[in-house]
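Please read the structure below before turning to the comments.
Numbers restart at 1 for each chain; the letters A, B, ... are given by sequence-line order, proteins then strands.
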Amino acid sequence: MNETLAQILIIVGVLLGTVTIAAGLIYVERKMLAVWQQRLGPNRVGPFGIFQVLADMVKIFFKEDWIPPFVDKKVFVIAPTIIMLSVLMSFAIVPFAPGVVVADLNIGLLFFLAMSSLGAYTIVLSGWASNNKYSLLGGVRGAAQMISYEVFMGLSLMGVVLLAGSFNMTEIVNAQKGMWFVIPQFVGFVIFLIAGIAETHRLPFDLPEAESELIAGFHSEYSGMKFGMFFVGEYLGITLVSSMITVLFFGGWLGPAFLPPIVWFLIKMFSFILFFILLRATLPRPRYDQLMSYGWKLLLPLALLNVLVTGAVVLYNH
Amino acid sequence: MLSSVRSLWMVFLKMFKKRVTIKYPEEKPYLAPRWRGRIVLTRDPDNNERCVACNLCAAVCPTDCISLQATEDENGRRYPEIFRINFSRCIFCGLCEDACPTYAIQLIPDFEMSEYNRQSLVYEKEHLLIDGMGKYHGYSYYDQAGVAVGVKPKGGGENESEPVDVRTLIP
């Protein structure tokens, strides 16, 4: 009975925690972008503008939720929920601290990859259902980008799996007690980072929603809370990829004992979230064919080579 | 690839630079003395209106936002009976100031003129006329040029000779 209660508490805590962090990122992103562009950022609502999140939420809830007459209505309504669902499902396997994990699956990593593949549907379906050429172009781009970057996203993680000898996230973290995997798997880390950015379609890989060419890409026709779900889904995706990087390459909750494990996890996760925002503040968007050739001609061979070398080293040491 | 990393680092360092924006309503920005903002009509040192209602400002105005009606006082001095500027059309180009022969119309460093009602942006002469001389102190048009209209006698201006009696000019 007590264990069930603890499990329910963990589920509720993870759900509320991740959604709160994702909502808080609205403020964090605006403020940090401002900081890196030598501006002041939001500073009107509350001290240092921290209630900007509340103001934005209230605003987006009161917006008219308009469904255009020309759209495929059912798919149009379902599409935004998929991204939130798949990302929130992925959080189930993230170990935040020893024992604080919703589902300690023995194939946790595969579950994460499967869920992030499902996330591609939200772009494809919303782009298709909007019945609008900009949305369709965004959807097509998004599908191609996510599918091609998923290939070596999975491959880049194989090095970690080879070293840890398990797909289980908790065991992967425990395998990093001696050394964080970022050192032996540096190539894998860089590839996973790039693939993670492409997977959450954040800048500089935001081609599906490239606002200068495609208005807003796949979510041009969305308004109100449906648009809000894309927004929160994107921030959830950033949080997810940041926590995955933390777990897989930076030793998850491991750290010197003067801080509790969950704090170490959050510190690492937030530094990657900030890195994502720094990327947005810095880099311009590549051309579509550059993105594709970059993925297939550079990162995929590199990921394969990484798996090969790691496998050879593991076999040699065995 | 390396240049991307380098620019990431450079953008990161911007964090420690001075902010370029200010908290506007609490902190006012510095406006240069020649900043082109709200338009005023100025007076000469004798506290008379400088405007001689020549209509040059209305003619040069690219948006036709200035309209005025000339009239004369009992001495024959021209002045505008009405002077109206529609600031909802004004683009603050400053051509009226350049065109003005008497320094009467001037643009001043003030831009805080928002209104809830569009009609409130139409300024009449009593809203435009100020009690000072604006940017050009001590300048009086009629002291430099112009006809005798009660301000000065004939030939009484600066840099102006006494009128010559044509009958005594005969050699």
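- Atom NZ of B/K28 is surrounded by more than 12 heavy atoms from other residues, nucleotides or ligands within 6.0 Å.
- No donor-acceptor pair closer than 3.5 Å links the side chain of A/Q38 to the backbone N or O of B/K14.
- Other residues, nucleotides and ligands place no more than 12 heavy atoms under 6.0 Å from the CD atom of B/Q119.
- In this structure, A/F186 places its CZ atom where only 12 or fewer heavy-atom neighbours from other residues, nucleotides or ligands lie under 6.0 Å away.
- Heavy atoms closer than 4.5 Å to chain B are found nowhere in A/L274, neither backbone nor side chain.
- For chain B, the nearby part of A/L283 is the side chain; its heavy atoms alone come within less than 4.5 Å.
- Considering CH2 of A/W36 and CG of B/L13, their distance stands at 11.5 Å, rounded to 0.5 Å.
- Within 6.0 Å of CZ on B/F111 lie more than 12 heavy atoms contributed by other residues, nucleotides or ligands.
- Proximity to chain A (any heavy atom under 4.5 Å) is restricted, for B/I22, to the backbone atoms N, CA, C and O.
- No more than 12 heavy atoms of other residues, nucleotides or ligands shown are found within 6.0 angstrom of CE on B/M10.
- No side-chain donor-acceptor contact under 3.5 Å links B/R19 to the backbone of A/L40.
- Counting non-hydrogen atoms of neighbouring residues, nucleotides and ligands closer than 6.0 angstrom, the CZ atom of A/R44 exceeds 12 such neighbours.
- Separation of atoms OG1 (A/T282) and CH2 (B/W9) is listed at 12.0 Å; rounding is to 0.5 Å.
- Heavy atoms closer than 4.5 Å to chain A are found in both the backbone and the side chain of B/K23.
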